[in-house]
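For reference, the structure is listed below as structure tokens.
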Protein chains: 2
Amino acid sequence: MTQPRPAGQHTVRRHNSALVLAAVAESPGISRAGVAARTGLTKATVSSLVDRLIGASLVHDAGPERRPGPGRRGTSLSLCPSGPHGLGVEIGVDYVATCLVDLTGRTRHERVRPAENRSRPVPEVLAEVAAELTAALGEAGALGVAVGGIGVAVPGLVEASTGLLRRAPNLDWDDVDVPAELRDRAALPDVEILVGNEANFAALAELWAGGHTGPRDFVHVSGEIGIGAGIVIGGELFDGVHGFGGELGHFPVTPDGPRCTCGARGCLERLAGQDVILERAGAADLGDLLDRLVAGEDRAAGAVREAGRWLGTALSAVVNLLDVPAVVLGGTYAHLHPWLADPLRAELRARVLGGPWSPVEVLRSDLGTEAAVRGAAASAVRTILADPDAFMASLS
Amino acid sequence: MTQPRPAGQHTVRRHNSALVLAAVAESPGISRAGVAARTGLTKATVSSLVDRLIGASLVHDAGPERRPGPGRRGTSLSLCPSGPHGLGVEIGVDYVATCLVDLTGRTRHERVRPAENRSRPVPEVLAEVAAELTAALGEAGALGVAVGGIGVAVPGLVEASTGLLRRAPNLDWDDVDVPAELRDRAALPDVEILVGNEANFAALAELWAGGHTGPRDFVHVSGEIGIGAGIVIGGELFDGVHGFGGELGHFPVTPDGPRCTCGARGCLERLAGQDVILERAGAADLGDLLDRLVAGEDRAAGAVREAGRWLGTALSAVVNLLDVPAVVLGGTYAHLHPWLADPLRAELRARVLGGPWSPVEVLRSDLGTEAAVRGAAASAVRTILADPDAFMASLS
DNA sequence: TGGAATAGTTCGGTCACTGAACTTATCCAT
DNA sequence: ATGGATAAGTTCAGTGACCGAACTATTCCA
């Protein structure tokens with residue numbers, strides 16, 4: 001049970017600072033008066049809070065706004081482009097990616113280095129990841145910006161309470177304390193290090209992509225080596241009690257299906273995973289598969305349709321359970337969307353109980369494979385945006 | 001998106017009032033000084049807040065506490081037994097139940113009236129429910145207590161945003177605004193009326209039963225006419241975006257199973273529901289089945305084992321998705337627990353990925369069929385406990 | 001019987017928000 | 001050009017809620 005905390009005036013300021021910052025983030029170019037109207041705070045309070053945020057270089061005052069009509073012009077406020085940046089790292093199975101984003105979520109730097117991380121000694125891989133981190137920190141120095149937080153995406157189960165990477169099947173890692181190991185190997189600034197599942201970070205990247213217009217409740221499914229899912233509800237990641245939530249790859253979709261590496265039978269991964277689709281379609285790789293689909297090859301289309309049905313079966317259960325109104329296809333599935341969406345939708349229509357009152361949308365992600373790193377980096381800055389007072393306190 | 005609200009001093013008081021009340025609720029007989037130590041607030045603040053809570057008859061001052069050692073004795077604080085009560089109503093398929101609970105959750109009055117509500121005219125049923133409500137209100141009057149909130153449990157999908165009962169399959173009701181209809185037919189006090197799914201309320205009752213010792217994260221599964229599930233995470237009900245969450249009965253557990261009333265195939269309800277178990281076991285009713293199980297009849301044990309395996313398959317997916325550490329069996333399943341738990345556990349062990357680090361517990365609910373009404377009534381008082389300032393404001 | 005320990009109250013101080021008055025800046029009609 | 005209307009932003013006294021320290025009240029025990 002989380003320790004309940006007493007509230008005081010500082011709590012109020014904390015809350016309102018975040019409120020003001022969120023208003024600025026959601027409508028860049030807004031004036032202090034606009035923020036006051038949006039948040040319900042008085043102009044006096046907003047002025048005071050904005051001044052503090054500007055002092056911490058979280059908000060930027062871009063001079064008078066342009067607006068028709070009478071009256072004095074307000075000053076345009078926006079998130080400070082030179083404010084603290086978020087640094088993301090992804091330890092993939094065959095690559096290490098780093099990425100630097102500013103407060104608005106814009107990518108300032110990105111780098112993907114191929115690396116065969118699978119079943120290599122853990123310290124060796126971590127040393128290389130640390131080197132990438134150091135390089136990215138140098139990049140931040142060259143841009144003249146501070147790093148306010150670090151996010152690390154890993155392909156495995158991360159325990160939320162401890163931050164421990166419990167198990168990464170495709171790396172064959174067990175119980176690695178990633179933040180501690182990285183701190184040992186690189187001179188990292190004294191900022192928070194978030195570790196999380198790669199699929200969850202990808203879902204968050206999807207949430208934050210394209211401003212504030214997208215859905216705030218969805219399941220993001222990405223088919224890469226395994227099948228990863230990230231659940232976003234109310235604009236927040238839902239990852240369960242330990243942080244192990246969102247596992248969809250081993251969803252028991254048919255009891256007498258093929259045996260899976262996890263020991264069980266009929267896991268979704270064995271019926272709708274990328275490898276299986278390619279095999280059924282007789283395609284060499286994803287590019288080949290897409291060519292065959294475009295050419296209208298029956299076998300390819302059939303393979304994708306079948307995967308769509310299995311995926312739909314699993315997702316209908318997810319929707320019935322969580323009552324999420326949208327499914328976003330990412331990774332490999334994003335490419336297959338045109339052929340995958342219809343059978344998926346059909347299955348959802350047939351099985352979702354709440355369907356008649358709120359049909360489930362099947363959307364396609366525009367983000368590529370960089371989704372996870374970007375999500376990791378963006379998570380770091382979102383931590384600051386969500387609680388600017390904590391960040392400001394850490395400055396002194 | 002919920003409108004963000006500015007915080008002020010009143011917000012602080014609100015938060016701290018709830019904090020203090022929660023401390024009193026969790027350790028009855030605690031003194032003001034104890035509350036201060038527990039919450040981190042100063043004695044001065046606690047005194048002021050407690051006085052207000054006593055004024056609203058939410059807290060009761062039971063005189064000096066008994067304790068060995070030197071020093072002045074504190075005064076025992078506890079939730080006021082004569083404070084506002086919660087009134088619960090359950091519109092079942094073949095009964096209407098009402099129940100009155102005090103702030104501590106203790107049942108003060110309970111009544112179950114058999115009624116054939118299935119496919120009878122909706123207004124007729126509602127009129128009878130309203131009559132039951134009026135009777136329960138009279139009971140509250142006789143006890144000399146006020147009703148501070150009403151909870152209504154229904155066997156169907158309730159839309160959280162509107163409070164509308166969208167669809168109750170076993171009643172064959174569609175789009176009924178239950179609170180409005182009840183207000184039209186009975187003289188209800190001006191208090192909030194919560195409408196919710198019966199399985200969800202049962203899960204909440206389970207959460208609140210037995211003090212504060214039970215798990216705060218679990219899936220509550222009850223097998224009655226259908227299969228209902230309620231998900232509790234972090235001590236709160238998780239019911240999804242629209243409130244349709246927690247539907248487990250139509251979990252697609254095998255693609256080529258028997259056809260279900262919902263139109264799909266292989267729904268859990270058709271493989272592990274009460275009717276199916278009885279039929280497979282060749283038992284006339286639940287009592288008969290239990291007799292056969294106790295007698296060690298193979299056919300009965302086999303039927304329950306099979307249901308356990310199907311249930312385990314579905315629940316393993318739930319656990320992988322939501323990462324909940326416990327499954328609580330309620331309703332019919334509670335009675336079958338001794339025979340059901342082992343196959344269920346085996347299935348979970350085989351399929352839950354996070355299992356090795358946090359094995360899933362399979363528990364048994366001690367509550368009977370009254371779980372849902374009690375949960376509904378308790379929800380009403382919990383609303384008050386969760387935000388006592390709102391309740392106090394409504395008094396004036 | 002007085003000292004130590006603990007519970008609860010009183011009261012001045014601090015901090016963050018509010019509301020109203022005020023200053024600054026812009027448009028527009030005269 | 002000029003004054004009135006309009007709007008943005010600032011200043012400042014006022015309010016409310018918590019904190020801390022001093023104080024009172026009660027109990028045990030040597």
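Only this structure's heavy atoms are used, side chains among them; waters, hydrogens and symmetry mates stay out. The sequence lines fix the lettering, A, B, ..., with proteins before strands; numbering per chain opens at 1.
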- Query: Does some side-chain heavy atom of D239(B) sit less than 4.5 Å from a side-chain heavy atom of I231(B)?
  - Reply: no
- Item | Polar side-chain atom of T107(A) near backbone of H109(A) as donor-acceptor pair, under 3.5 Å | no
- Task: Would you mind telling me which residue lines up with the more 5' stretch of DNA chain C, G74(B) or Q9(B), judged by nearest nucleotide?
- Result: G74(B)
- Contact boundaries of DNA chain C with chain B (under 4.0 Å, heavy atoms), 5' to 3'? dA5(C) to dC17(C)
- Task: Name every residue in residues 42-63 of chain A that has at least one heavy atom under 4.0 Å from any atom of DNA chain C, in order of residue number, or write none if there are no such residues.
- Result: T42(A), A44(A), T45(A)
- Item | N/O donor-acceptor pair under 3.5 Å between R216(A) side chain and G234(A) backbone | yes
- For L164(A), does its backbone N or O pair with a side-chain atom of E159(A) as donor and acceptor, under 3.5 Å? no
- Query: So, the side chain of S27(A) versus the backbone of I30(A): is there a donor-acceptor pair under 3.5 Å, distance only?
  - Reply: no
- Message: Check whether H85(B) reaches the backbone of G83(B) with its side chain - one donor and one acceptor, N or O, closer than 3.5 Å.
- Response: yes
- Atom pair distance, as rounded to whole Å: CG in L41(B) and C1' in dA17(D): 11 Å
- Query: In this structure, are over 12 heavy atoms from other groups packed under 6.0 Å from R67(A) atom CZ?
  - Reply: yes
Report, one pair per line, the protein and nucleotides 26-30 of chain D atoms (nitrogen or oxygen only) whose separation is under 3.5 Å.
residue: dT26(D); atom: O2; partner: R72(B); partner atom: N; Å: 2.9
residue: dT27(D); atom: O4'; partner: G71(B); partner atom: O; Å: 3.4
residue: dT27(D); atom: O2; partner: G71(B); partner atom: N; Å: 3.1

- Note on the structure: Whichever of R32(A) and G8(A) has the more 5' nearest nucleotide on DNA chain D, that residue is R32(A)
- Query: Do we see a donor-acceptor contact under 3.5 Å between the side chains of S48(A) and R13(A)?
  - Reply: yes
- Message: Applying side-chain hydrogen bond (donor to acceptor under 3.5 Å, both in side chains) to R32(A) and T75(A), what does each step give before you reach the verdict?
- Response: CA-CA 7 Å; R32(A) 286 167 174 76; T75(A) 53; 2.7 Å; yes
- Hey, is CG on D366(B) packed in by over 12 heavy atoms from elsewhere, all under 6.0 Å? no
- For H10(A) and dC18(D), give me the distance from atom NE2 to atom P, rounded to whole Å. 11 Å
